[in-house]
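A short write-up of the structure that comes next.
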Amino acid sequence: MSDIEDVFGGSAEEAKPKPDADVDAAAEANANADAESKSSVVTERTEEVIPGETEKMITETIDEDGDVVEETTEVTRKTVKRTMKITETSATTKTTTLTTPAKLYGKDLSEYDDVDVESLLAQLSPEEITILAKEVDPDDNFLPPDQRCSYECSKDATGPLNRKQLIEHINKQAIETPDEPEFEPYVQGKVRGKKWVPPPRDAREIEAEEQIAIDMGDEYEHALNDATQEEIIDLAAILGFHSMMNQDQYHASLLNKGQPVGMGWDGITKSTQQKLFPMDPPNATDVEESIKRVKDDDSKLVDLNLNNIKNISDEKLEQLFAALPQNEHLEVLSLTNVGLTDKTALLLAEAIEKSKTLRVLNVETNFISPPVIVKLVQALLKCHTIEEFRASNQRSAVLGNKIEMEITDLVEKNPSLLRLGLHLEFNDARHRVAAHLQRNIDRIGRQRRMGHLTRNYTIGMWQ
């Protein structure tokens with residue numbers, strides 16, 4: 001072992017520093033991170049020479065003449081002590097993640113903002129437009145389904161649709177189609193395939209279940225042991241144990257009708273037979289005659305019901321709404337499922353503002369958009385006679401937070417509205433509307449009671 005190995009405590013190759021490899025590794029890490037790095041490595045080397053001992057080596061050689069020549073060689077050994085100091089400063093790495101923008105046909109979506117779609121469509125041939133139309137599903141509920149879907153039947157119609165013949169043909173085709181062959185034929189009592197076997201339960205769980213016991217006292221235990229099955233079912237219904245009974249047993253217990261026969265704990269639960277109710281007759285109200293009576297201000301026409309009459313044209317609705325401001329006897333107007341659109345609903349909003357006697361307005365199940373519903377609620381502020389307004393189940397199932405907040409603000413400004421039929425999704429809007437309507441009901445109830453007492457007092461004074 002040399003003197004250098006003694007200083008470093010190992011071989012010279014192992015103790016030799018490799019600053020170049022460390023610098024390359026740091027540079028590669030910074031390049032991969034794509035960041036700004038402030039790290040640096042400073043290497044200091046110092047060498048110290050320690051003088052050692054001098055040795056003399058005598059070598060005897062024979063020259064050309066045969067004489068013996070002595071050569072003296074002095075060897076001085078020096079010890080070189082090397083010290084290496086590596087100083088590494090702290091590094092801060094900043095990693096920047098770039099989000100790849102969405103692309104369409106190899107281009108960013110922002111590049112399509114300035115594209116003139118009309119000019120591109122004008123350059124397409126009719127065949128190309130047909131192909132493009134098959135790839136697009138228009139979000140339009142007024143279009144029939146055959147114009148919205150991409151399937152096109154190239155066969156000619158064989159005649160008008162006969163539903164009975166179509167069902168018979170489908171049933172016949174199903175019967176004549178052979179069944180798929182089974183890999184293993186069915187044999188009664190034989191299990192085909194692998195039978196499922198439940199895993200064995202843990203003995204600790206079984207012991208824990210056996211140890212569960214409820215001490216209810218002698219009185220309650222005696223009463224439950226002597227109770228009949230019907231009494232236990234009634235007790236379960238009272239306590240709300242719905243999973244222990246079916247609907248028939250539950251309602252029979254609440255109504256005290258007696259339990260159905262064969263519906264005990266071991267009975268088979270069957271579906272409840274549906275109650276068939278007769279269909280409501282169609283609305284036979286004459287629309288033209290009703291419009292004429294509204295124009296003539298008929299004193300007997302107090303309630304006008306045009307519900308579910310789908311063939312009312314926009315012209316007739318415009319005539320009806322134009323006659324409302326002059327009418328002084330109509331109090332209830334029902335226009336449910338008559339095909340009201342935004343155009344006719346705006347005319348109705350103008351008529352509401354001038355109405356003098358209308359108390360109840362129902363426009364449910366129509367095609368009114370949320371902004372027009374706001375217009376109708378806003379029109380109620382100028383009509384101080386309407387107490388009930390219903391406009392739920394429109395084309396747009398969800399009004400949205402902005403529309404609901406606008407409706408809530410308008411309702412809170414209305415001092416005469418008592419009932420509102422609208423589906424509000426947000427809790428804040430529902431609670432504020434319900435609280436304001438309750439305040440209106442309480443205030444108007446007090447006013448009516450005070451007016452009734454004042455009228456009775458006045459009559460008593462005159463008597």
Is there a donor-acceptor contact under 3.5 Å from the side chain of [X] to the main chain of [Y]?
X	Y	result
R430	L424	yes
N307	T336	yes
T408	V433	no
N308	P282	no
T357	E331	no
D297	E328	yes
N283	I309	no

Assess, by modelled atom type and distance only, whether the side chains of [X] and [Y] contain a donor and an acceptor separated by less than 3.5 Å.
X	Y	answer
N305	S334	no
S392	E364	yes
S369	D342	yes

For [X], what residues pass the salt bridge (Lys or Arg N to Asp or Glu O under 4.0 Å) criterion, not counting sequence neighbours?
X	value
E176	none
R293	D298
E128	none
K190	E184

Minimum heavy-atom distance [X]-[Y], with the two atoms named:
X	Y	value
V363	A391	CG2-CB, 3.7 Å
A379	A349	CB-O, 3.4 Å
L422	I407	CD1-CD1, 4.0 Å
E182	Y186	OE1-N, 3.7 Å
I352	C383	O-CB, 3.2 Å

Ionic contact status for R432 with D428, cut-off 4.0 Å: yes
Working to the nearest 0.5 angstrom, can you tell me the gap between [X] [atom1] and [Y] [atom2]?
X	Y	atom1	atom2	result
N414	D409	CG	CG	13.0 Å
I312	L306	CD1	CG	5.0 Å
K343	L317	NZ	CG	10.5 Å

NE2 (H169) with more than 12 external heavy atoms under 6.0 Å: no
P325: partners by side chain to side chain contact (heavy atoms under 4.5 Å, CB included), with sequence neighbours left out: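 Side chain to side chain contact (heavy atoms under 4.5 Å, CB included) list for P325, sorted by chain: A351, K354.
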Who are the ring pair (Phe, Tyr, Trp, His ring centres under 6.0 Å) partners of F367, not counting sequence neighbours? F142
